[in-house]
Amino acid sequence: MASGFLRTVFRAWYALRMVKLRNYVHPTDSSVTRTGDPRADRVLLVGNGHSRGWGVASHQLGLTGQLARAIEAKTGRGCDLDLIGAESMNARSALSWIGTRDLEEFDAFVLAVGLNDALRLTPLDDFERGLADVLDGVVARLRPEAVVTVVGIPPIRSLPAFSGLATATAISHRQALNRATRRITSGRRLDYLEVPQLTNGASHPLGAAATYAQLGGFIAAEVAPQLVLVRPDPPVRPPQADPIWDWSGTAALVALAAQGGAPELNRLAAEAQKAFKVELAVVSLVNGDRLYYGNNTDVMPESVPLDLSFCQYTVAAEAPVIIPDTRADPRFDDNPLIELSYINFYAGYPLRSSEGQVIGSFCLQGSRPRDASDISMDALRDLAMQAQAEIQRYEVPKGPPAPTGPAYTFR
């Protein structure tokens, strides 16, 4: 069993690897696959690691696209696939990432988490508890006939980018986590899929289209026959609903963030990072149970669970919030997202819509604890107000009110 010191070393090592990934090729398009087939199977993939699509520029070349096409090839009908997850999601936080999503609409659920748990030496008890919680929570919300498949952690040597320090220890830990996964799924009569060695190569240290095609085909061989069995004559269904946005400007800003972010927000973030000497400055936008990011999504995921975020406190308070040391703040005890992110300092200033509603925050995040007195609130407010003015430009004007007047009866 790994010592606390060794886990601390591996956490720091993994965090540095994640920082380096910001310059690595990864998908910037939508992770949602839609075929237009009204009889299509609907699959939800919750995962990290290979699910993220590192090494390819489009999700259509990554695991999501490859898995959807592999299922289609075996069922003879469309496959509409949704992805939930990011590198900052682990087994313990997966249920929060799924959030309030309606799971009854899905015909199959595929869980593929644990790679970062293996690389960071997550304690076995923590992993088992998180995995059991997500499986129990999800199965209770799926339709009884839905297909459930849990994918084991792929071999560490399939990812040359994580060779070196971690290899021998992480391989051993991966094996222990996969044994626990097999035991937990067996006890719940769920399907467990052990992943074989994947072809990658030193020239593709994190993934390639061929790697994702291999993994997608392997998963599809397990999932597709079961979909045919439980849906032998699939009915015609209406299209899945588009996301509903609480604030009209969020959709445009999230789309821009996936393409590098609005230039003015990027400028303000860079200025804040330099002025306050922090690693990240981010514009966050609340939508339902999610917190979306309007910039720096090459480092941050597109969104995170609101209930695991720092910014929830700024939004709830509708006032500036400074957390000098997240490790010493009881609000973040046992918070898996905070533990994974290696962020130890936070300062946030609320952002409002043109109507005065708090819709998010302009926040600073750093790895080093800071005294609250180190942060000039005037300087933070000035940057936040510039960011607020910029995001308000993306609001969609409301239509004119319906005309009023006397009622007439036409005969």
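No salt bridge links Arg69 with Glu72; every basic N to acidic carboxylate O contact stays at or beyond 4.0 Å. The pair Arg39-Asp37 does not meet the salt-bridge criterion, since no charged nitrogen lies less than 4.0 angstrom from a carboxylate oxygen. A salt bridge links Arg143 to Asp107: one of the charged nitrogens lies within less than 4.0 Å of a carboxylate oxygen. Between Asp41 and Arg237 there is no salt bridge, since no side-chain N of the basic residue sits under 4.0 Å from a carboxylate O of the acidic one. Residues Arg352 and Glu395 are not paired through a salt bridge, judged by the lack of any N-O separation under 4.0 Å between the basic side chain and the carboxylate.
Across all their heavy atoms, Ala94 and Val134 have their closest contact at CB-CG2, 3.9 Å. Between Tyr313 and Val321 the shortest heavy-atom distance is O-CG2, 3.8 Å. Scanning all heavy atoms of the two residues, the minimum distance from Asn296 to Ala281 falls at ND2-O, 3.0 Å. When all heavy atoms are compared, the tightest approach of Leu124 to Ala176 is CD1-O, 4.0 Å. In terms of heavy-atom proximity, Leu67 sits nearest to Gly216 at CD1-O, 3.5 Å. In terms of heavy-atom proximity, Arg92 sits nearest to Asp126 at CG-O, 3.3 Å.
In this structure, CD1 in Ile84 is found 11.0 Å from CG in Leu111, a value given to the nearest 0.5 Å. Considering CG of Leu115 and CD of Glu87, their distance stands at 7.0 Å, rounded to 0.5 Å. Distance CG/Asp133 to CD/Glu128: 11.5 Å, rounded to 0.5 Å. Atom-to-atom distance recorded for Ser30:OG and Leu83:CG is 9.5 Å, nearest 0.5 angstrom. Taken to the nearest 0.5 Å, the CZ atom of Arg182 stands 5.0 Å off from the CD atom of Glu194. To the nearest 0.5 Å, atoms CG (Leu291) and CG (Leu308) are separated by 10.5 Å.
Ile184 is not listed as a side-chain neighbour of Tyr192, based on a closest heavy-atom distance of 4.5 Å or more. Within the 4.5 Å cutoff, the side chain of Val139 has no heavy atoms near those of the Arg188 side chain. With contacts defined as side-chain heavy-atom distances shorter than 4.5 Å, the pair Arg42/Leu44 does not qualify. Looking only at side-chain heavy atoms (C-beta outward), Trp247 and Leu253 come within less than 4.5 Å of each other. The shortest side-chain heavy-atom distance between Leu45 and Ser51 falls under the 4.5 Å cut-off. Under the 4.5 Å side-chain criterion, counting only non-hydrogen atoms from C-beta, Glu264 is not in contact with Arg393. Within the 4.5 Å cutoff, side-chain heavy atoms of Thr149 are placed close to those of Gln226. Side-chain atoms of Val32 and Gln240, non-hydrogen and from C-beta on, never get closer than 4.5 Å to each other.
For the pair Ser284 (side chain) and Ser361 (backbone), a donor-acceptor distance under 3.5 Å is present. Tyr212 contributes a side-chain N or O that, together with a main-chain N or O of Trp54, makes up a donor-acceptor pair within less than 3.5 Å. A distance-only check finds no donor-acceptor pair linking the side chain of Asn90 to the backbone of Asp117 [under 3.5 Å]. Checked by atom type and distance alone, the side chain of Ser309 pairs as donor or acceptor with a backbone atom of Gln312 at under 3.5 Å. Looking only at distances, a side-chain donor or acceptor of Thr181 sits under 3.5 Å from a matching main-chain atom of Leu177. A donor-acceptor contact shorter than 3.5 Å is absent between the side chain of Asn295 and the backbone of Asn266. Remark: side-chain polar atoms of Asp29 are paired, donor with acceptor, to backbone N or O of His59 under 3.5 angstrom. Side-chain atoms of Arg370 come within 3.5 Å of backbone atoms of Phe276 as a donor-acceptor pair (strictly under, hydrogens ignored). Distance alone, capped at 3.5 Å, places no donor-acceptor pair between the Thr28 side chain and the Gly260 backbone. Distance alone, capped at 3.5 Å, places no donor-acceptor pair between the Gln388 side chain and the Ser353 backbone.
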*Can you list the steps and then say if Tyr292 with Val304 is a side-chain contact (heavy atoms from CB on, under 4.5 Å)?*
CA-CA 7 Å; Tyr292 286 83; Val304 299; over 6 Å; no
Checking Thr33 against Gln60 for the side-chain contact (heavy atoms from CB on, under 4.5 Å) test, could you report, in this order, the C-alpha distance in whole Å, the side-chain angles of both residues, the deciding distance, and whether it holds?
CA-CA 8 Å; Thr33 298; Gln60 291 307 305; 3.6 Å; yes
query: Does the pair Arg267 and Gln386 meet the rule for a side-chain contact (heavy atoms from CB on, under 4.5 Å), with working shown?
result: CA-CA 11 Å; Arg267 182 190 70 79; Gln386 293 181 65; 3.1 Å; yes
Run Gln357 and Asp246 through side-chain hydrogen bond (donor to acceptor under 3.5 Å, both in side chains) and show every step you take. CA-CA 11 Å; Gln357 172 193 5; Asp246 297 341; over 6 Å; no
- [ ] Determine, step by step, whether Arg381 and Phe362 satisfy the side-chain contact (heavy atoms from CB on, under 4.5 Å) criterion, reporting the C-alpha distance in whole Å, the side-chain angles of both residues, the deciding distance to 0.1 Å, and the verdict.
- [x] CA-CA 9 Å; Arg381 181 189 302 110; Phe362 184 86; over 6 Å; no
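Glu279 and Ser367 share a side-chain donor-acceptor pair at under 3.5 Å.
In this structure Asn287 satisfies the side chain to side chain donor-acceptor pair (under 3.5 Å) test with no other residue, sequence neighbours excluded.
The aromatic rings of Phe310 and Tyr346 lie parallel to each other, with less than 30° between the two planes, well short of the 60° mark.
With a 6.0 Å radius and a threshold of 12 heavy atoms from other residues, nucleotides or ligands, Glu355 has its CD atom at or below the threshold.
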